[in-house]
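Below, chains carry the letters A, B, ... as their sequence lines are ordered, and counting in each starts from 1. In what follows, every heavy atom counts, from backbone to side chain, and hydrogens, waters and symmetry copies are set aside.
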Amino acid sequence: MCMLTREFYNRDTVTVARELLGKRLIRNVDGDRLVCRITETEAYVASIDKACHAYGYRRTPRTEIMFSRPGTAYIYLIYGMYCCLNLVTEPEGEPCAVLIRGLEPIEGLERMVHSRYGCAPDDMTAYQRRQLLNGPGKVCKALSLTREQNGLDLLGDKLYLTQGDTPENIKTGKRIGIDYAEEAADFPWRFYL
DNA sequence: CTTCAGATGCTCT
DNA sequence: GAGCATCTGAAGA
C-alpha cells in the first residue's frame, strides 16, 4: 500500500481529519510491525480553536513541534500518565494537528495486546477486546508511543500512514474532553466510524 | 449498562 | 498552584 505524501498532510486540518478515517497506521518498533485502521480522529486548528494547544499561535516548548512541517508526529503527555498521538497538518508555521482517538487492529495484535494488558490475545476478555484501541491514550500505549517519539517524521520508517479503504457512514460530532474551550467546544470536528 | 474517584506529572501562569 | 485533547477498577442498578 502506498505511503501518504507530505502533501496529504499539507491541507486543511478538518479535511485531513475526515479523510484519515479508513487509512492504515503503521508502527515499526523493536522489529515488530504493527498495522491499524484509523476509526476516530479530531481536528485542532491554531487560528480559531481555543481547544488547540497552539491557539493564537502560542509558541511554548510543548507546542514547538506543531509549528514544524506537515507530516510530523506531535505526542504529548496528558493527565500525568497518558500520551496522545497527533499528526501535524497545514503548511509549516500553521500549528495545527489531528488527534488519533481510535483504531482497529489489523496486524501485530500480539504485541499490542501485550503492551496494553500484559497478556496474550487469547487471554483477553470480551470487554478488553472492545477497549483495546478506542481512546487516544490507549492508542499510544498499544503502539509503544511516548514523548520520545515526539517530532517523528511520518514519512520515515518508524511511524507512517498508507492508503486504506474508503469508509461509508462517517459520523461527525463534538470533540471530547474540551469543555473549557467555550464556543470551540461545539465545533463538529470529531470524525468516527 | 452507569457513575465515580483516584492516579500522576508535566505545562504554563 | 491549577488544570489537563485520559483510563481503570469498583460499586450500584
With respect to the phosphate group of [N], does any side-chain polar atom (N or O) of [X] fall under 4.0 Å of OP1 or OP2?
X	N	value
H53(A)	dA5(C)	yes
R116(A)	dT8(C)	yes
K138(A)	dT8(C)	yes
R101(A)	dT6(C)	yes
Y180(A)	dA5(C)	yes

Electrostatic pair [X]:[Y] at N-O distance under 4.0 angstrom:
X	Y	value
R59(A)	E64(A)	yes
R69(A)	D153(A)	yes
D32(A)	R27(A)	no
D30(A)	R111(A)	yes
E42(A)	R175(A)	no

From [options], nucleotide with atom closest to [X] side chain:
X	options	answer
P136(A)	dC7(C), dT11(B), dC10(B)	dC7(C)
R58(A)	dT8(C), dA5(C), dC12(B)	dC12(B)
M81(A)	dT8(B), dC4(C), dC10(B)	dT8(B)
R147(A)	dC10(B), dA7(B), dC4(C)	dC10(B)

Could you give the [atom1]-to-[atom2] distance, from [X] to [N], as a whole number of Å?
X	N	atom1	atom2	value
R62(A)	dT13(B)	CZ	C1'	13 Å
E64(A)	dC12(B)	CD	P	11 Å
L133(A)	dT8(C)	CG	P	11 Å
Y82(A)	dG3(C)	OH	P	21 Å
F187(A)	dA5(C)	CZ	P	16 Å
E148(A)	dC10(B)	CD	P	13 Å
I75(A)	dC10(B)	CD1	C1'	16 Å
N150(A)	dC10(B)	CG	P	14 Å

In this structure, are over 12 heavy atoms from other groups packed under 6.0 Å from E110(A) atom CD?
no
Y44(A)-dA5(C) aromatic stacking (under 5.5 Å, under 30°):
yes
Taking a pair to mean Watson-Crick or G-U wobble geometry with both distances below 3.5 Å, dG1(C) pairs with dC12(B)
Suppose we define a pair by two distances each less than 3.5 Å, Watson-Crick or G-U wobble; what does dA5(B) pair with here?
dT8(C)
Check: Y76(A) side chain, dA5(C) base, donor-acceptor under 3.5 Å
yes
For L77(A) and for G135(A), find the nucleotide of DNA chain C with the closest heavy atom, then tell me which residue's nucleotide is more 5'.
L77(A)
Nearest heavy atom decides the nucleotide; on that basis, is G177(A) or Q131(A) closer to the 5' end of DNA chain C?
G177(A)
With a 4.0 Å cut-off on heavy atoms, is G137(A) in touch with a base, just the backbone sugar-phosphate, or nothing at all?
sugar-phosphate
